[in-house]
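Everything numeric in this text was worked out from a predicted model, so none of it was measured. Numbers here simply count residues along the sequence, with the first being 1.
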Amino acid sequence: MRVVFLNSKSIHEGNLVLVNRHHPLRQEIDPDKLVPVDEKHTAILLHSEAQTMLSRLLTLLDAKDGIVPVSGYRSLQEQETIFQDSLKENGEEFTLKYVALPNCSEHQTGLAIDLAENKADIDFIRPDFPYSGICQEFRMEAAKFGFIERYQAGKEAVTGIAWEPWHFRYIGYPHSAIMQQKQFSLEEYIEHLRDFPEHGQHLRFEDEGHAAEIFYIRAQESSVTTVSLPDELPYQLSGNNVDGWVCTLWRK
């Protein structure tokens, strides 16, 4: 067995960080991890891992001309500006439904991307990304590449954000596939994982030749938490921005 030491600050890092009104962003992304989403939109940035998987998905679908990025990473200042501008232009009710409060926006993680069907006029706040054509093809394949439609219809009371068919969040595979199967929001998925503690039954996943087990590590009161992992298995760890980490052990 190998012992991994987890610093309590790292619960605010990783693909599964939960960012909403109740769990604001605690740690800014390292600027060195941000890259342009593509060669045509160099001002729109994403976390490098998310950008790689998005590019692969769009290439698979031959969709780079049919789907365009609208908004990726935003700094705190940019989010504040967007929020205040929307208040002036659209009013408080609209803004609170569609624009996250500063430091409560997933866009500040570099893991979120707003996409639009490529048309002449694209609304920055509510771009059109229909449930048909190339956009629906993207949506159907997204989980295989680690993306989820973050703000689903019917989940508004859980997420605190209105239905946004254009907003996709990179959380990584197999979490994206599990969430799609169970129709979970990220809030619900993080809560679900609490049922699979480190010292207990783990969540098992198998799909298309992939097998993994997933468990939840709650941060200890001390600044360092230790976890023992099998020597032979590759693993991934992600903080959840709440009170612990999610560990994924790959079995094949």
Side-chain angles (χ1 to χ4, degrees), residues 6-7 9-20 23-61 63-64 67-80 82 100 102-116 124 127 129 138-139 141-151 159 161 164 166-180 185-187 189-190 214 234-242 245-248 250:
L6 301 172
N7 188 294
K9 292 182 179 179
S10 66
I11 69 170
H12 307 300
E13 301 173 350
N15 295 335
L16 284 170
V17 291
L18 177 64
V19 179
N20 58 28
H23 300 97
L25 189 69
R26 301 292 185 187
Q27 191 161 309
E28 291 285 342
I29 185 173
D30 180 351
D32 291 337
K33 294 182 179 179
L34 294 169
V35 296
V37 65
D38 60 36
E39 64 279 359
K40 294 181 181 178
H41 305 86
T42 56
I44 299 178
L45 304 178
L46 270 184
H47 187 290
S48 58
E49 183 178 334
Q51 187 276 334
T52 296
M53 300 310 292
L54 177 64
S55 180
R56 289 179 183 174
L57 175 52
L58 292 173
T59 298
L60 173 72
L61 298 174
K64 290 190 175 181
I67 295 174
V68 294
V70 176
S71 181
Y73 167 75
R74 299 172 189 166
S75 66
L76 173 60
Q77 183 178 358
E78 288 173 317
Q79 187 64 27
E80 288 176 339
I82 292 168
N103 269 345
C104 299
S105 171
E106 289 197 326
H107 284 283
Q108 290 178 242
T109 68
L111 298 168
I113 183 77
D114 291 346
L115 300 170
F124 181 79
F129 202 80
F138 177 96
R139 191 176 279 110
E141 296 294 325
K144 296 178 183 177
F145 292 81
F147 286 91
I148 58 167
E149 183 180 318
R150 175 66 173 95
Y151 301 116
T159 65
I161 295 289
E164 294 191 355
W166 57 84
H167 181 105
F168 290 85
R169 162 68 190 271
Y170 183 75
I171 60 170
Y173 185 89
H175 307 290
S176 52
I178 298 170
M179 285 181 61
Q180 184 181 63
S185 66
L186 184 54
E187 285 82 358
Y189 183 55
I190 295 296
I214 302 165
Y235 70 92
Q236 294 170 321
L237 282 163
S238 174
N240 64 3
N241 199 37
V242 183
W245 302 267
V246 177
C247 181
T248 305
W250 289 100

What is the minimum heavy-atom distance between [X] and [Y], and which atoms define it?
| X | Y | answer |
| --- | --- | --- |
| Glu49 | Asn15 | OE2-ND2, 3.3 Å |
| Ile113 | Phe147 | CG2-CE2, 4.3 Å |
| Asn241 | Leu18 | ND2-O, 2.8 Å |
| Val17 | Ile11 | CG1-O, 4.3 Å |
| Arg74 | Ser105 | NH1-OG, 4.3 Å |
| Leu115 | Pro69 | CD2-CA, 3.9 Å |

Inset, instruction - Kindly indicate whether the side chain of Val246, heavy atoms from C-beta on, has any atom under 4.5 Å from the side chain of Ile214. - result: yes
Legend entry - pair Phe168-Leu54: side-chain heavy atoms closer than 4.5 Å: no
When rounded to the nearest 0.5 angstrom, what is the spacing between [atom1] in [X] and [atom2] in [Y]?
| X | Y | atom1 | atom2 | answer |
| --- | --- | --- | --- | --- |
| Leu186 | Ser176 | CG | OG | 11.5 Å |
| Ile148 | Ile171 | CD1 | CD1 | 4.5 Å |
| Tyr170 | Leu57 | OH | CG | 11.5 Å |
| Ser10 | Leu237 | OG | CG | 8.0 Å |
| Leu61 | Glu141 | CG | CD | 6.0 Å |
| Glu80 | Leu76 | CD | CG | 4.0 Å |

Inset, instruction - Step through it carefully: locate the ring centre of Tyr189, locate the ring centre of His175, and say whether they are under 6.0 Å apart. - result: yes
Legend entry - Counterpart residues, side chain to side chain contact (heavy atoms under 4.5 Å, CB included), relative to Ala116 (two or more places apart): Val68, Val70, Ile122, Pro127
Inset, instruction - Check side chain to side chain contact (heavy atoms under 4.5 Å, CB included) between Glu164 and all other residues, then give those that pass, not counting sequence neighbours. - result: Tyr98, Tyr151, Ile161, Trp166, His167
Inset, instruction - Taking Ser238 for its side chain and Leu16 for its backbone only, find out whether a donor-acceptor pair lies under 3.5 Å. - result: yes
Legend entry - Donor-acceptor contact below 3.5 Å, side chain Thr59 vs main chain Ser55: yes
Inset, instruction - Could you label the plane-to-plane angle of the Phe138 and Phe129 rings as parallel, tilted or perpendicular, counting under 30° as parallel and over 60° as perpendicular? - result: perpendicular
Legend entry - Member of His12, Glu13, Gln108 meeting the side-chain hydrogen bond (donor to acceptor under 3.5 Å, both in side chains) criterion with Gln27: Glu13
Inset, instruction - Could you tell me which residues satisfy ring-ring contact (aromatic ring centres under 6.0 Å, His included) with Tyr73, sequence neighbours excluded, listed by chain and number? - result: none
Inset, instruction - Ignoring hydrogens and angles, state whether a donor on the side chain of Gln79 or Asn103 is under 3.5 Å from an acceptor on the partner side chain. - result: no
Inset, instruction - For His107 and Asp114, test the side chains for any donor-to-acceptor distance below 3.5 angstrom and give the result as yes or no. - result: yes
Inset, instruction - Answer yes when Glu187 and Arg150 have at least one side-chain N-carboxylate O distance shorter than 4.0 Å, and no when they do not. - result: yes
Inset, instruction - Flag yes if more than 12 heavy atoms outside Lys64 fall under 6.0 Å of its NZ atom; otherwise flag no. - result: yes
